[in-house]
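Below is one structure, written out as C-alpha cells, with a few remarks after it.
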Amino acid sequence: QVQLVESGGGLVQAGGSLRLSCAASGRTFSSYVMGWFRQAPGKEREFVAAVRWSSGSTYYADSAKGRFTISRDNAKNTVYMQMNSLKPEDTAVYYCAAAWGIMVVTNPRGYDAWGQGTQVTVSS
C-alpha cells in the first residue's frame, strides 16, 4: 500500500518561497508518476506539477511554469516541489499523489494514492 506524507507548507508573504516534500513508502516507485495538486476553498482540485520517477521527465501547469520546480530523490523516496515567487492566488491545500504508469499526468482521477495535504498560505 502506497503511503504519502507531505510536509513543508506554511504562511509566507507574496514573493517568498516554500519547499514542499512528499515522502513515499510501500512500493518500488520506478514506474510511478508523482504529482502535486492543489485545492483552494470552493474550487476544484487542480494539477500543479508532476514527475516520472524513472526518467525524471517533468510536467507543469501554466501557472507553475518558471516559478515551481518538481524533483525527486531516489535514495530518499521523496519528491520535492520548490515554489518561488509565490502569489496570493497560490494559496491552497497542496496534495502529493502517486499513479502507476499513467500517460495523462494532469487528471487527478488517474492517481490512486494521495497524501493528507499541506496548507500553503500566501499573504499579500
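Note that these values count all heavy atoms, side chains included, but never hydrogens, waters or copies made by symmetry.
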Could you go through residues 15-27 and list every donor-acceptor pair under 3.5 Å that involves a side-chain atom there, pairing it with any protein atom two or more places apart or in another chain?
residue, atom, partner, partner atom, Å
Ser17, OG, Asn84, OD1, 2.9

Lys/Arg-Asp/Glu bridge criterion (N-O < 4.0 Å) met for Lys65, Asp62: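 Yes, this pair counts.
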
Nearest 0.5 Å, what's the [atom1]-[atom2] distance between [X] and [Y]?
X: Ser30; Y: Asn74; atom1: OG; atom2: CG; result: 9.0 Å
X: Thr58; Y: Met81; atom1: OG1; atom2: CE; result: 12.5 Å
X: Phe68; Y: Ser85; atom1: CZ; atom2: OG; result: 9.0 Å

side-chain contact (heavy atoms from CB on, under 4.5 Å) partners for Gln119, two or more places apart: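 Applying side-chain contact (heavy atoms from CB on, under 4.5 Å) to Gln119 gives Thr91, Val93, Thr121.
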
Closest approach of [X] and [Y], non-hydrogen atoms and distance?
X: Cys96; Y: Leu4; value: O-CD1, 3.6 Å
X: Ala64; Y: Val48; value: CB-O, 3.7 Å
X: Glu6; Y: Gly117; value: OE1-N, 2.9 Å

Of all residues at least two apart in sequence or in a different chain, which pass the side-chain hydrogen bond (donor to acceptor under 3.5 Å, both in side chains) check with [X]?
X: Ser7; result: none
X: Tyr60; result: none
X: Ser124; result: none

All pairs passing disulfide bond (SG atoms under 2.5 Å apart) where residues 28-73 contributes a residue, at least two apart: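 Every pair satisfying disulfide bond (SG atoms under 2.5 Å apart) with a residue in residues 28-73: there are none.
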
Pairs satisfying side-chain hydrogen bond (donor to acceptor under 3.5 Å, both in side chains), at least one member in residues 95-115, at least two apart: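 Matches after skipping sequence neighbours: none remain.
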
Residue pairs involving residues 1-29 (criterion ring pair (Phe, Tyr, Trp, His ring centres under 6.0 Å); sequence neighbours excluded):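 For residues 1-29: Phe29-Tyr32, Phe29-Trp53.
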
Ser57 side chain vs Ser55 backbone, donor-acceptor pair below 3.5 Å: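 Such a contact is absent between Ser57 side chain and Ser55 backbone.
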
Close side-chain approach of Met83 to Arg67, heavy-atom, < 4.5 Å: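 Sidechains of Arg67 and Met83: no contact.
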
Test applied, ring pair (Phe, Tyr, Trp, His ring centres under 6.0 Å); reference residue, Phe47; option that passes from Phe37, Tyr94, Trp36, Tyr59: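 For Phe47, the ring pair (Phe, Tyr, Trp, His ring centres under 6.0 Å) test succeeds with only one of Phe37, Tyr94, Trp36, Tyr59, which is Phe37.
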
Salt bridge (Lys or Arg N to Asp or Glu O under 4.0 Å) pairs, two or more places apart, involving residues 40-60: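 For residues 40-60: Arg38-Glu46.
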
